[in-house]
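Each chain gets a letter, A, B and so on, in the order its sequence line appears, and its residues count up from 1.
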Number of protein chains: 2
Amino acid sequence: MKVSTRVEYGLIALMDIVIYGENGQSVSALEIAQRENISHKYLEHILFLLRQAGFIAAQKGMKGGYSLARPADEIVLSDVLNALDSTILSGLDDCGEDSTLRSVIKVCFWEKINSNLNRYTEQLKLSEVVNQCRKNIPESWDMYVI
Amino acid sequence: MKVSTRVEYGLIALMDIVIYGENGQSVSALEIAQRENISHKYLEHILFLLRQAGFIAAQKGMKGGYSLARPADEIVLSDVLNALDSTILSGLDDCGEDSTLRSVIKVCFWEKINSNLNRYTEQLKLSEVVNQCRKNIPESWDMYVI
DNA sequence: GCCTAAACCTATTGACATAGTAGGCAAATA
DNA sequence: TATTTGCCTACTATGTCAATAGGTTTAGGC
């Protein structure tokens, strides 16, 4: 599945905030950008989307930055992906519900793939992705995480 | 998952050829285009891709058209999708195998989704999709299929 | 109250892919 | 030989992506 950098960076940013903002301190866009090698200005747009969608809260001014708006185990992956790219989890365009080959294939093939993708991301929480990632590469993070 | 019309039309065309060319007769591009409501000229490009990839054979001239180059149960869906869009089943761009968050998420999240998608399409044959579709909407096809 | 660091917002841009359209050439058949 | 069909090349309009740029607002530190 093709994934845009907007979606990819968005998830990275969110997870960066979870990891480096664990004790309630906010994480600035510049900090994330430098740590994850993402264009600072581009990241700002992405963080804007994530804030609009209600995943993160922002604090302006000095010592400001971003923090999770709600616990990581209440953030569902499908919501995150949809917020960053409204088409990523939605299936084919609506073509009516006739009996054309097009409609039939839509129901029998494309929607199967799509519902599978949805079922997986709908039950997956941000916290689980973070934990899964921690398990796989723990040693490199221990020195940052307090 | 977002799917381009190129991929969608390609699968439609292939299945149309399976269904309406069952007894060895070839199916013309114009025929498919009219039946499935696809731009004839655009469809030609797509059929060109399918022929290049070895799924269909073409017959020029009067009474010409397209037919399957090999049996439908030897055509694997992942190959078809890849032929129509090389990015659809391939994961994220290669970003090196360091220990950045980016790499870790790639391994722990994106590649999971992708391998799942690949596993499904790699075992799925064109004939199975056709049969599945026949089962779901049989009455509308019976009058065409000989 | 000023300086600075940060988020916020708007506009613009270059590159690329998509979804076609157009027109002619080549081949095979009737 | 005329017609039908596929083959091939070129072109275009539209939209999205991935930034970049620059200014405005807000909040904290001094």
Side-chain angles (χ1 to χ4, degrees), chain A residues 2-13 17 20-21 25-53 55-67 69 81 84-88 90 92-93 95 102, chain B residues 2-13 16-17 20-21 25-34 36-69 81 84-88 90 92-93 95 102:
Chain A
K2 201 186 133 208
V3 179
S4 61
T5 62
R6 192 174 65 229
V7 173
E8 195 195 353
Y9 294 169
L11 183 56
I12 291 173
I17 293 169
Y20 296 94
Q25 70 212 10
S26 52
V27 182
S28 77
L30 191 63
E31 213 181 319
I32 300 173
Q34 287 172 340
R35 191 155 43 215
E36 312 295 352
N37 250 295
I38 299 171
S39 150
H40 170 220
K41 279 295 195 180
Y42 185 37
L43 184 62
E44 277 191 335
H45 291 297
I46 297 170
L47 289 165
F48 181 72
L49 295 174
L50 291 173
R51 191 181 62 80
Q52 272 196 321
F55 301 119
I56 56 178
Q59 176 82 19
K60 279 190 177 183
M62 258 179 155
K63 288 282 164 190
Y66 299 89
S67 54
L81 301 184
L84 295 165
D85 177 359
S86 60
T87 74
I88 193 172
S90 62
L92 298 185
D93 292 339
C95 60
R102 184 174 189 170
Chain B
K2 200 187 135 208
V3 178
S4 60
T5 62
R6 192 174 65 232
V7 173
E8 195 195 353
Y9 294 169
L11 183 56
I12 290 173
D16 188 281
I17 292 169
Y20 295 94
Q25 69 212 12
S26 51
V27 183
S28 76
L30 191 62
E31 212 182 318
I32 301 173
Q34 288 173 341
E36 312 296 351
N37 249 295
I38 300 172
S39 149
H40 171 220
K41 278 298 197 180
Y42 185 37
L43 183 62
E44 278 192 335
H45 290 299
I46 296 171
L47 288 165
F48 180 72
L49 294 174
L50 291 172
R51 192 181 62 81
Q52 273 197 320
F55 301 120
I56 55 179
Q59 176 82 19
K60 279 189 179 181
M62 264 181 151
K63 288 281 164 190
Y66 299 91
S67 54
L68 281 195
L81 301 184
L84 295 165
D85 177 359
S86 61
T87 73
I88 193 171
S90 63
L92 298 185
D93 293 339
C95 61
R102 184 175 188 169

Rounded to whole angstrom units, what separation is found between the [atom1] atom of [X] and the [atom2] atom of [N]?
X	N	atom1	atom2	answer
B/Q34	D/dT4	CD	P	13 Å
A/D85	D/dA18	CG	C1'	13 Å
A/E8	D/dC17	CD	P	14 Å
B/L30	D/dG6	CG	P	8 Å
B/L49	D/dG6	CG	C1'	14 Å
A/M62	D/dC30	CE	C1'	9 Å
A/R6	D/dA18	CZ	C1'	9 Å
A/H45	D/dT20	NE2	C1'	8 Å

Separation between [atom1] of [X] and [atom2] of [Y], rounded to the nearest 0.5 Å:
X	Y	atom1	atom2	value
B/L49	B/Y9	CG	OH	15.0 Å
B/S26	B/K60	OG	NZ	14.0 Å
A/T5	A/I46	OG1	CD1	6.0 Å
B/L50	B/L84	CG	CG	5.0 Å
A/Y66	A/I32	OH	CD1	8.0 Å

* Closest-nucleotide ordering on DNA chain D, the 5'-leading residue of B/F48 and A/G61 -> B/F48
* Using heavy atoms to find the nearest nucleotide of DNA chain C for B/S39 and B/T87 separately, return the residue whose nucleotide is more 5′. => B/T87
* To do: Would you classify A/E44 as touching base, sugar-phosphate or nothing, given that sugar-phosphate means primed atoms plus P, OP1 and OP2, and contacts are heavy atoms under 4.0 Å?
  => base
* Asked: Contact class for B/K41 vs. all strands (heavy atom < 4.0 Å): base, sugar-phosphate, or nothing?
  -> base
* Would B/R102 and A/E8 pass as an ion pair if we require N to O under 4.0 Å? -> yes
* Asked: Could you give the start and end, 5' to 3', of the contact zone on DNA chain C for chain B, using atoms under 4.0 Å from its heavy atoms?
  -> C/dT18 to C/dA30
* N/O donor-acceptor pair, side chain A/H40 with base D/dT20, under 3.5 angstrom -> no
* Structure fact -> Of all heavy-atom pairs linking B/A33 and B/S39, the shortest is CB-C, 4.4 Å
* Ignoring backbone atoms, test whether B/Y42 places a side-chain nitrogen or oxygen under 4.0 Å from the OP1 or OP2 oxygen of D/dT12. => no
* **Side-chain N or O of B/R51 closer than 4.0 Å to phosphate OP1/OP2 of D/dC7** => yes
